[in-house]
There are 2 protein chains.
Amino acid sequence: MATRTDAPTRREQILKEAARLFAERGFHGVGVDEIGAAVGISGPGLYRHFAGKDAMLAELLVGISEQLLTGAKRRLAEAEGVAGSGAGAEAVLDSLIEGHIDFALDDRPLITLHDRELDRLRDADRKMVRQLQRQYVELWVGVVREVYPAVAEPSARSAVHSVFGLLNSTPHLGRPGSLPGRAVTAELLHRMARGAFAAVGGE
Amino acid sequence: MATRTDAPTRREQILKEAARLFAERGFHGVGVDEIGAAVGISGPGLYRHFAGKDAMLAELLVGISEQLLTGAKRRLAEAEGVAGSGAGAEAVLDSLIEGHIDFALDDRPLITLHDRELDRLRDADRKMVRQLQRQYVELWVGVVREVYPAVAEPSARSAVHSVFGLLNSTPHLGRPGSLPGRAVTAELLHRMARGAFAAVGGE
DNA sequence: CAGGGAGGTTAGCGGTCGTTAACCTGAGGG
DNA sequence: CCCTCAGGTTAACGACCGCTAACCTCCCTG
């Protein structure tokens, strides 16, 4: 599956810089000239690679949602391949949390965009992103209810959304340098997420 | 101190509608004409009440920050008036959580703005908001470390930010109608917040 | 009853932004 | 050696947006 070690294509450069700028100043707060300047070309040159500013945001958001969902499905399948059921659920939940934390720590601008600029999309794109997000949430809900069978579905769904809020708080934790180390932060977030779920499950 | 039961002034109407619109479409995504239309006047009429669009956002964000900090200080003082120390810390933390949840549930647009549009402020306003936010965080950190003395300060601060992320997830919990009831949601969030802190404190 | 301020209105200016048009250039292939 | 085409460039257009100017109309008050 050829993990990409190639140099990034121009398209990828643009997407990365656009994500950073959108996260910093908001979709409407960034001009196409700035995005172009960030990759060394100027303004309208972007239109050789994207149909428009909207298309960049759409590709970013759809990409994020797909990546999250695909990763979660893979983790679920891997863990179910090992054990039959029961005790495995805890491990799956841990794996989901770990995956989400990796994403939140490594792609902070994307995490920021993910729940901030969704409404700027054209209808078709927004529906697609919403659907992917819903699938991701429902996957978590299923695992959570397997670990804590006493929790009703609406509560589980609220709990999942709230834990996402917790995990997605990484952009507020100070710039990468000031953190006490990536591994320590990841461990802290992981424990808090488990603690939050446990508080719902342990009536 | 005359708890306001009066009809809302025009200024307050404008601020409320502006908050809603800013939260829905972002600061740059809303025009002054739309804000005016939302309160029944049109466009430039707003300038009889505010110096400009920026001033509305500034007043909103400073107001939120002051309200949060003031409420937290009051709760801290009240609880310290009752008990001397020790066992009271738990009660103070519960009170802080309760206050933050009330705010997150009752003023969702403001919660959304609070961590989303801060960068659109003029330097002076942004510094003031940041300072108020910092005081609020530090107040929480102090209480958390009183309840869980084993937690180092940087961890406590990260934990507080993350719990804010958890509590501020209310805008993602579905529109007010679909919630299982305000009291139930508040209880759920409260338990999750306590569970998250406990997971950090109970090594 | 004069007058003045509070709170509106519409017209319009200046700047910015997304997008298109027209043109240029260098590398690869027949 | 020419042709093509990917990937740039600058100029410019049309729309929109924040804000000001100029004006109007009540309502209160001396």
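Naming convention: chains lettered A, B, ... in sequence-line order (proteins, then strands); numbering from 1 in each chain.
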Which atom pairs, donor and acceptor, lie under 3.5 Å between side-chain atoms of residues 28-40 of chain A and protein residues at least two apart or in another chain?
unit_1  : atom_1 : unit_2  : atom_2 : d
A:Glu34 : OE1    : A:Arg25 : NH2    : 2.0
A:Glu34 : OE2    : A:Gly31 : N      : 3.0

Compile the donor-acceptor pairs under 3.5 Å between side chains in residues 59-68 of chain A and protein atoms, sequence neighbours left out, one pair per line.
unit_1  : atom_1 : unit_2  : atom_2 : d
A:Glu59 : OE1    : A:Arg11 : NH2    : 3.2
A:Glu59 : OE2    : A:Arg11 : NH1    : 2.7
A:Ser65 : OG     : A:Leu61 : O      : 2.9

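Applying the side chain to side chain donor-acceptor pair (under 3.5 Å) rule to B:Thr112 yields no partners; only residues at least two apart in sequence or on another chain are considered. The ring pair (Phe, Tyr, Trp, His ring centres under 6.0 Å) search around B:Phe27 returns B:Phe22, not counting sequence neighbours. Looking at residues two or more places apart in sequence or on another chain, you find a side-chain contact (heavy atoms from CB on, under 4.5 Å) between B:Arg157 and B:Val137, B:Glu138, B:Val141, B:Glu153, B:His161. Not a single salt bridge (charged side-chain N to carboxylate O under 4.0 Å, His left out) links A:Asp107 to another residue, sequence neighbours left out. With sequence neighbours left out, the side chain to side chain donor-acceptor pair (under 3.5 Å) criterion links B:Ser95 to B:Arg75. Qualifying ring pair (Phe, Tyr, Trp, His ring centres under 6.0 Å) partners for B:Phe164, counting only residues two or more places apart in sequence or in other chains: B:His100, B:Tyr136, B:Trp140.
Remark: A:Val30, A:Gly31, A:Val32 in residues 22-38 of chain A come within less than 4.0 Å of DNA chain C through at least one heavy atom.
Note that the first and last nucleotides of DNA chain D, 5' to 3', having any atom under 4.0 angstrom from a heavy atom of chain A are D:dG7 to D:dA11.
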I'd like a list of close polar pairs between nucleotides 6-10 of chain C and the protein, N/O only, cut-off under 3.5 Å.
unit_1 : atom_1 : unit_2  : atom_2 : d
C:dG8  : OP1    : B:Arg10 : NH1    : 2.6
C:dG8  : OP2    : B:His49 : NE2    : 2.8
C:dG8  : N7     : B:Arg48 : NE     : 3.0
C:dG8  : O6     : B:Arg48 : NH2    : 2.2
C:dT9  : OP1    : B:Ser42 : N      : 3.4
C:dT9  : OP2    : B:Ser42 : N      : 2.9
C:dT9  : OP2    : B:Ser42 : O      : 3.3

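Applying the side-chain hydrogen bond (donor to acceptor under 3.5 Å, both in side chains) rule to pairs touching residues 44-55 of chain B yields nothing, sequence neighbours excluded.
Looking at B:Glu12 and B:Lys16, no side-chain N of the basic residue comes within less than 4.0 Å of a carboxylate O on the acidic one, giving no salt bridge.
In this structure, the CZ atom of A:Phe50 is 16 Å from the C1' atom of C:dG18, given to the nearest Å.
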